[in-house]
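Here is the structure we will look at, set down as C-alpha cells.
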Amino acid sequence: PVSPDSDRRVSARLVPFGNRQFLLSVRDVTRIHRLEQMRRDFVANVSHELRTPLTVITGYLESLAEDAREDPQLAHTYRAMEAQATRMRRTIEDLLALSRLESGDGRPPETRPVSVPAMVAGLAEDARVLGAESGLTVELESDPDLWLQGVESELQSAFSNLVSNAVRYTPPGGRITLRWYADDAGAHFEVRDTGIGIAPRHIPRITERFYRVDSDRSRVSGGTGLGLAIVKHVLQRHDARLKIESRPGEGSRFTCSFPATRILHRPPRSASA
Ligand code: ADP
C-alpha cells in the first residue's frame, strides 16, 4: 500500500542495467489489486449464497431415504442425487476455505505450537482406513519431538489434502509413505505414493484452482480440484514451500518444507500435559 489508509498499491523492482547499475521500476498495480479483491469477494459471496439452498436440498433428500430403501427405482435416483449434493457441498466448503485463506489483511496469521507428530499419526490412520479396501499399505516415519509454530486447522487441512490425494491417485496394492522430519534446511512433511504420477508438463499448473490432469478421474474419486490450491495458500502463510516430484506410472512425492525458525524442538510443557 502507498499509505496505510489507501488501497493504492505499487510494485517496485530493481532491474539490473548495464555494469553495476540498476533501474528502479515502479508499477501502479492498484487496478489489478482491486480486481483481485472483487474476484475474491464474488467467489466468497456466491459460495456462501449456495450453502443455504444446498442445506435445504440435502434436508429434503434425507426425508426420501426411507422410501428409497424400499423402491429400487427411487434408490438409484436417490444415490445419484446424494452423490452430486455431496460433491457440491465439498466444492463450496473448499471455495470458502480458500476465500478465508486469501481474505487476510496481509498480516501473518496468529500461530500456536502445533503437535505435528499427533497430526500426521491421525492422518496415517485415516489413510489406512480409506486405503484398506484397495489394499494400500500406509507407512509413517515421524520425529515425535518435532513441533511447529503454526495454525493447526490450516496445517491439518493442507496435510490431509496431500494424504487424500495420495490415496485417491494410487491404484490398489500400492504404498503410501508419510515422513515428518527435520534437517539443516528446516522441517519437512513428505507424502510419497506409488500411484499414477503426473506428467512433467502438468506439474507447474496443478496447484491452480480447478486444474486437473484428468477431470473425470478427479471427480469420480471425490476431488474438487481445489485441494492443492489450498495446500499452496496454507504453505505460503507458513513461509513454507511445496516441492512436487513425480513420474507417470511410478508415483509422486509432495514435500512441504518449513523454515527452521518455525521449529519447536520439544513440546511446550502446558500443551503436552
Ligand atoms: P483434485 O481434487 O482434483 O484431486 P487437487 O488440487 O488436489 O484436486 O489436485 C489437482 C490435480 O493434481 C488432480 O486432479 C490430479 O490430476 C493431480 N494430483 C494431485 N495429487 C496427485 C497424486 N498424488 N498423484 C497423481 N496426481 C495427483
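Fair warning: this is a prediction, and the values are worked out from it, not measured in the lab. First listed ligand is number 1; within each ligand, the first listed atom is number 1.
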Heteroatom proximity flag, L228 to ligand 1, N/O under 3.5 Å: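 So ligand 1 has an N or O lying under 3.5 Å from an N or O of L228.
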Test of proximity, V213 against ligand 1: N or O pairs below 3.5 Å: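 Min N/O separation from ligand 1 is below 3.5 Å for V213.
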Cation-pi, Y181 ring and R179 (6.0 angstrom, 45 degrees):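 So R179 does make the cation-pi contact.
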R247, CZ: over 12 other non-hydrogen atoms inside 6.0 angstrom: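 No, CZ of R247 has 12 or fewer neighbouring heavy atoms, counting only those of other groups under 6.0 Å.
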Mark up the atoms of ligand 1 that fall under 4.0 Å of a heavy atom belonging to [X], in ascending order.
{"X": "R212", "answer": "3 (O), 14 (O)"}
{"X": "T224", "answer": "2 (O)"}
{"X": "Y211", "answer": "10 (C), 11 (C)"}

Q37 and R34: side chain donor to acceptor below 3.5 Å: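 No donor-acceptor contact under 3.5 Å links the two side chains.
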Donor-acceptor pair between S257 and H188 side chains, under 3.5 angstrom: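 There is such a pair between these side chains.
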Is ligand 1 under 4.0 Å from a heavy atom in the side chain of [X], in the backbone, in both, or in neither?
{"X": "N161", "value": "neither"}
{"X": "F254", "value": "side chain"}
{"X": "I198", "value": "side chain"}
{"X": "R168", "value": "side chain"}

Non-hydrogen atom of S252 closer than 4.0 Å to ligand 1: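 Right, S252 reaches ligand 1.
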Parallel, tilted or perpendicular: rings of F258 and W180 (30°, 60°):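 Perpendicular.
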Mutual orientation of the aromatic rings belonging to H202 and Y211 [parallel < 30°, tilted 30-60°, perpendicular > 60°]: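 H202 and Y211: tilted rings.
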Any donor-acceptor pair under 3.5 Å from R8 side chain to T30 backbone: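 No, R8 side chain to T30 backbone: no donor-acceptor pair under 3.5 Å.
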